[in-house]
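Since the structure comes first, as structure tokens, the remarks are kept for the end.
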There are 2 protein chains.
Amino acid sequence: MSISSRFSVGVHILSLLEIYKNETKSSEFIAGSVNTNPAVIRKIMGMLKNAGLVNVRPGVAGAELAKNLDEITLLDVYKAVNVVQENELFSVHDHPNPECMVGRNIQETITPILSIAQSALEKALGSVTISDVVKDIEEKEKINSK
Amino acid sequence: MSISSRFSVGVHILSLLEIYKNETKSSEFIAGSVNTNPAVIRKIMGMLKNAGLVNVRPGVAGAELAKNLDEITLLDVYKAVNVVQENELFSVHDHPNPECMVGRNIQETITPILSIAQSALEKALGSVTISDVVKDIEEKEKINSK
DNA sequence: TTACATGTAATCATTGTAATTACATGTAAC
DNA sequence: GTTACATGTAATTACAATGATTACATGTAA
């Protein structure tokens with residue numbers, strides 16, 4: 001199992017909107033960079049739009065960030081593209097046997113523990129912004145072009 | 001997407017081995033508590049055995065914990081049942097366009113960030129032991145039986 | 001009205017999960 | 001050694017999510 005690449009694609013898109021901010025960025029252009037189908041990009045862009053992270057208009061080529069770079073965290077993207085539901089990163093077996101001491105208590109015991117672990121993950125994502133990502137891309141670009 | 005319930009089932013099994021330590025615990029008995037098929041239990045038990053967490057013998061009903069309760073963390077179980085591969089909780093789109101500045105740097109930029117997030121999750125799991133889980137089950141049992 | 005963009009639904013191949021069945025193998029008691 | 005019963009494990013199935021693709025309705029500006 002693995003968290004959908006919609007998330008990493010979402011981060012890619014937002015970074016690209018910033019780095020190519022002076023150019024027209026159609027879904028086809030973005031798809032070329034991500035290396036996927038334009039319809040996939042449009043679907044993800046729709047999610048980012050619903051979350052208030054980007055501005056796109058039907059019929060008009062081009063998209064822009066709807067917020068400042070440093071006001072968008074990876075957690076915002078993660079939530080926007082809907083890769084993991086609230087408190088459902090871990091699936092717990094349902095209908096354990098209520099006639100067994102373990103069966104009738106395991107869910108109630110384990111759920112808060114898993115929830116804490118999921119929060120730790122999300123907190124880590126919340127501490128990184130698209131601004132950080134863009135800066136890192138620019139640094140790597142410098143280093144690699146030498 | 002969701003992390004396989006093999007993990008929560010694994011925790012269930014280990015807790016059950018402790019709580020019913022004085023009784024014979026066949027895969028069928030355990031399956032009755034978890035509410036699944038005995039073959040599923042045997043498969044997961046095999047993984048727990050490979051990880052050195054339980055002792056089981058072919059042909060002999062019954063299984064036991066192979067370590068002390070407080071020496072088994074949920075992270076051990078999580079790794080044992082193989083629900084998430086090393087550094088692969090997040091999937092990253094592959095083959096982004098190397099002719100694009102974002103495309104040629106995004107993977108190298110994003111991978112360590114995702115790795116840190118995954119580590120935060122795993123660290124949280126590493127701080128809880130089966131002993132903690134068993135104690136919590138016993139407490140909940142007391143409260144609910146009043 | 002034309003050219004071209006986004007929005008979105010439907011389809012498809014692929015993959016992972018969990019349940020189930022079946023059977024080979026192992027063990028202990030008799 | 002044979003019987004009874006357990007674990008080990010492979011094969012099959014139904015189901016759900018992903019990502020790619022196609023198709024087309026809708027929106028916009030020249």
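Labels below follow one simple rule: chain letters A, B, ... track the order of the sequence lines, proteins then strands, and each chain is numbered from 1.
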Integer-rounded Å distance: [N] [atom2] and [X] [atom1]:
| X | N | atom1 | atom2 | value |
| --- | --- | --- | --- | --- |
| B:F7 | C:dA18 | CZ | P | 13 Å |
| A:I44 | D:dA20 | CD1 | P | 8 Å |
| A:H95 | C:dA19 | NE2 | P | 11 Å |
| A:M45 | C:dT8 | CE | P | 13 Å |
| A:K43 | C:dA10 | NZ | C1' | 11 Å |
| B:D94 | C:dT15 | CG | P | 13 Å |
| A:Q85 | D:dA16 | CD | P | 15 Å |
| A:I41 | D:dA20 | CD1 | C1' | 12 Å |

Does either side chain, that of [X] or that of [Y], offer a donor lying less than 3.5 Å from an acceptor on the other one?
| X | Y | answer |
| --- | --- | --- |
| A:N105 | B:E141 | yes |
| A:S115 | A:N87 | yes |
| A:H93 | B:T36 | no |

On the nucleotide C:dG16, are OP1 or OP2 found under 4.0 Å from the side-chain N or O atoms that A:S2 carries? no

Check whether any side-chain N or O of B:R6 sits under 4.0 Å from OP1 or OP2 of C:dG16, and answer yes or no. no

Return the nucleotide paired to [N]: Watson-Crick means purine N1 to pyrimidine N3 with N6-O4 or O6-N4, wobble means G-U with N1-O2 and O6-N3, both under 3.5 Å.
| N | result |
| --- | --- |
| C:dT21 | D:dA10 |
| D:dA30 | C:dT1 |
| D:dG19 | C:dC12 |

Would you say A:E23 has more than 12 foreign heavy atoms packed within less than 6.0 Å of its CD? yes

Flag if over 12 foreign heavy atoms under 6.0 Å of NZ, A:K140: yes

How would nucleotides 22-27 of chain D be written as a contact map, 5' to 3', with B for base contact, S for sugar-phosphate-only contact and - for no contact, using protein heavy atoms under 4.0 Å? BB---B

Looking at side-chain heavy atoms only, is the closest gap between A:I130 and A:E18 below 4.5 Å? no

Heavy-atom donor-acceptor pair, B:T129 side chain to B:T73 backbone, under 3.5 Å: no

Want to settle it: does B:S91 or B:K49 sit nearer the 5' end of DNA chain D, counting the closest nucleotide to each? B:K49

